[in-house]
Amino acid sequence: MPKKMLDNLTESMFYVLLAFRRGEMCGTDISEHIRNLTQERVILGPGTLYTILGKFENEGLIEETEVSGRKRTYKITPHGQSLFEEELTRLKTCVADAVKEGF
Amino acid sequence: MGKTCYQLVPFELYEVENLESWLSSLSERGLIPIRVYHSPLLVKCEKSQPGVCRVRLEPAGKHEEDPPDALCELYEAAGWEYIGTFGRMFHTFRTLDSAAPEPHSDPDLYAQVIRRTTHRVIREFILSNTLFFGLLTLILVLTFSFEHPLLSFLESGFWRVLYVAILVLLGFLVELRQLCSVLSFRHRLKKGLPPRRNQHFSIWKLTLRRIATCLVILLSISWYIFLFASIGRSDTHTIAQDEVLPFPLLSTLSPEAQPGGFYMNGSDFANYVSITRDIIVPLSYDLTQSDMDADIELNVDCYLCSIPALNIQLAQELTPESAPEGELLWSNGEFYIRYYTTPATYNAGTVQCLILCTAQRAAFIRYQGKADLRQYAAAFAGLEEKESL
């Protein structure tokens, strides 16, 4: 299985940040959204999602907005937003370079 | 709920792939895991029809005995059920739903999670071994430098030392194996390879692993029994003061002193019995540095060493002249008396006489439980007769 590292973000991490562009979300919403968006190409397991959310929260990319029972809702921070945009720009550049090469 | 049963876990705690494969394979035999415990030895299963049940281990955080609510929420939403925390290290989830996604869909992130576990294992490995070997070194230093009798089980012969050495080595190897398991798993994930979760184990392999597990448990228990039996002996016999021959009491030397008791500590060390005498020093008696430096002042409390119940006088009068070094004091061809007065025992207010005897006599002088010392006198008498014949 090839690695899917995108600089500091893996593919799963990229999609989680992308999901937060739609607003505040809880873990299950994120998982469902990514599954639908990618037409089940990317399915986030609960362990992976929990790890990503913990990591993002520690690094200040997202912040918790509500705790309702066991359900936690998060939103993206300006730092997370800028990191996502940097990553997106980098990816676009990669694709543009490939197009220039005739792909 | 159907009938339940317990299965002995044939793998060690950190063999994540083996454990996941084995726990999942139980369902093929009609055993659905329903509970794992903080002790990683047993798993509780429910008997049912053979089916497919996947079991996965999620590394627990530091000091995390139960999974966080947020983690449970995500797992349950994805169709997984929490069944316990295995060995306080892995939150264990199972699913009967074949459509439930794998908990760790991203191998890179999974490798990071396992990396934390690896660090924890390495930390525990270093800490436990440092503590253990530090303690062992201390015991050896104490034993060979001060000849502390409580720890003299190490002097008790080749086989016992070998036994302890094997136990230590076994414990070390088990820990090393666990460390290698988790490192190898992490290495596999780092290479981007998926975990090996569909392994099949032969009955022989599982049986052998279970026997090994039981053996390790039994040896560990025996180690603790051995350790505590050697250190915390309870078969101390008190010899009445009037049974002891004219031991000049400290009170005769120092009017304010209280008489001390005489204790005979049983020993299974094959070739010596230790006699400990407590000296109760009156508060008005000042222990000075010069007393410590000059052992002779203390020696006078115990200058006649004998056991009247045996009707054997073991030592002649010990005077500074006869024992200038405080070492080997008296010999009768068979017995060797050593009189120790170390700063440690001195400070504790205790004087000890170790009576070492030759192997030939060992069988007779060996102290057993609370037996009357007079039986040893009879045994010696019998031996004397045989020898004279």
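In this text the structure is predicted, and so the values were computed from the model without any measurement. Lettering follows sequence order; numbering is per chain, from 1.
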Heavy-atom count around A:Arg22 CZ within 6.0 Å, excluding the residue itself: above 12?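 Check fails, neighbour count at 12 or below.
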
Are more than 12 heavy atoms from other residues, nucleotides or ligands located less than 6.0 Å from atom NE2 of B:His187?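 Not more than 12 within 6.0 Å, no.
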
Which bit of B:Glu102 comes within less than 4.5 Å of chain A, counting heavy atoms only: side chain, backbone, both or neither?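 Looking at B:Glu102, just its backbone touches chain A.
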
Using the benzene-type ring in the case of Trp, are the ring centres of B:Phe125 and B:Tyr14 under 6.0 Å apart?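 No - the distance between ring centres of B:Phe125 and B:Tyr14 does not fall below the 6.0 Å cut-off.
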
Main-chain N/O of A:Gly45 paired with B:Ser105 side-chain donor or acceptor, under 3.5 Å: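 Side chain of B:Ser105 to backbone of A:Gly45: a pair is present.
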
Applying a criterion of heavy atom separation less than 4.5 Å, what residues of residues 69-78 of chain B form contacts with chain A?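 Checking residues 69-78 of chain B against chain A gives B:Asp69, B:Ala70, B:Leu71, B:Cys72, B:Glu73, B:Leu74, B:Tyr75, B:Glu76, B:Ala77, B:Ala78.
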
With a 4.0 Å cut-off on N to O distance, would you call A:Glu86 and A:Arg90 a salt bridge?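 Salt bridge between A:Glu86 and A:Arg90, a charged N being under 4.0 Å from a carboxylate O: no.
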
Thinking salt bridges, do A:Arg21 and A:Glu85 make one under a 4.0 Å N-O criterion?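 Salt bridge present between A:Arg21 and A:Glu85.
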
Side chain, backbone, both or neither of A:Thr28 within contact of chain B (heavy atoms, under 4.5 Å):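 Both parts, backbone and side chain.
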
Scan side-chain atoms only and decide if B:Asp106 and A:Thr10 contain a donor-acceptor pair under the 3.5 Å cut-off.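 Yes, because at least one side-chain N or O of B:Asp106 sits under 3.5 Å from a partner of the opposite role on A:Thr10.
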
